[in-house]
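First up is the structure itself, then whatever we jot down about it.
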Amino acid sequence: MDRTTLTRDLKPLERRRLIRSEVDDDDARQRFITISDDGRSLMEQAVPLWEAAQEMTKKGMSANEWADFRSELKTLSE
């Protein structure tokens with residue numbers, strides 16, 4: 001992922017205090033990103049909803065369609 005894309009994507013999370021960003025003491029070009037307690041809480045709420053959406057999607061497809069869909073998603077993330 002491009003550095004500028006990552007920075008742009010992290011800023012809203014940092015503004016909402018869902019993550020913390022700290023500059024590396026040894027190399028100011030690097031930052032450490034950690035999830036905050038609020039971020040962890042939100043993620044715990046979101047994961048079951050995401051899993052339910054996945055199941056709904058999967059139920060609407062045959063086993064082969066689901067396997068093809070997962071394969072295509074994997075290709076997109078590479």
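Here the structure is a predicted model, which is why all the values come from computation and not from measurement.
Atoms OG1 and CD, from T34 and E22 in turn, are 5.5 Å apart once rounded to the nearest 0.5 Å. Remark: L42 CG to E44 CD distance equals 10.0 Å, nearest 0.5 Å. K74 NZ to F69 CZ: the interatomic distance, rounded to the nearest 0.5 Å, is 15.0 Å. The structure places CZ of R16 at 7.5 Å from CG of L13, a figure rounded to the nearest 0.5 Å. Here the straight-line distance linking atom CG of L10 with atom OG1 of T5 works out to 10.5 Å at 0.5 Å rounding.
Donor-acceptor pairing under 3.5 Å is lacking for the side chains of S36 and R20.
The shortest distance between side-chain heavy atoms of W66 and Q54 falls below 4.5 Å. Residues R29 and D24 are not in side-chain contact: their nearest non-hydrogen atoms beyond the backbone lie 4.5 Å or more apart. Between I35 and L18, every side-chain heavy-atom pair lies at or beyond the 4.5 Å cut-off. Between S62 and E65, the closest side-chain pair of non-hydrogen atoms falls below 4.5 Å.
Environment of CG in D37: sparse, with no more than 12 heavy atoms of neighbouring residues, nucleotides or ligands closer than 6.0 Å.
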- Message: Please evaluate residues E14 and I33 with respect to the criterion side chain to side chain contact (heavy atoms under 4.5 Å, CB included), reporting the C-alpha separation (whole Å), side-chain torsions for both, the decisive distance (0.1 Å), and the verdict.
- Response: CA-CA 9 Å; E14 196 170 5; I33 307 296; over 6 Å; no
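L6 and F32 sit in two unconnected hydrophobic clusters of ILVMFWY residues. Membership requires side-chain heavy atoms under 4.5 Å apart, directly or through other members.
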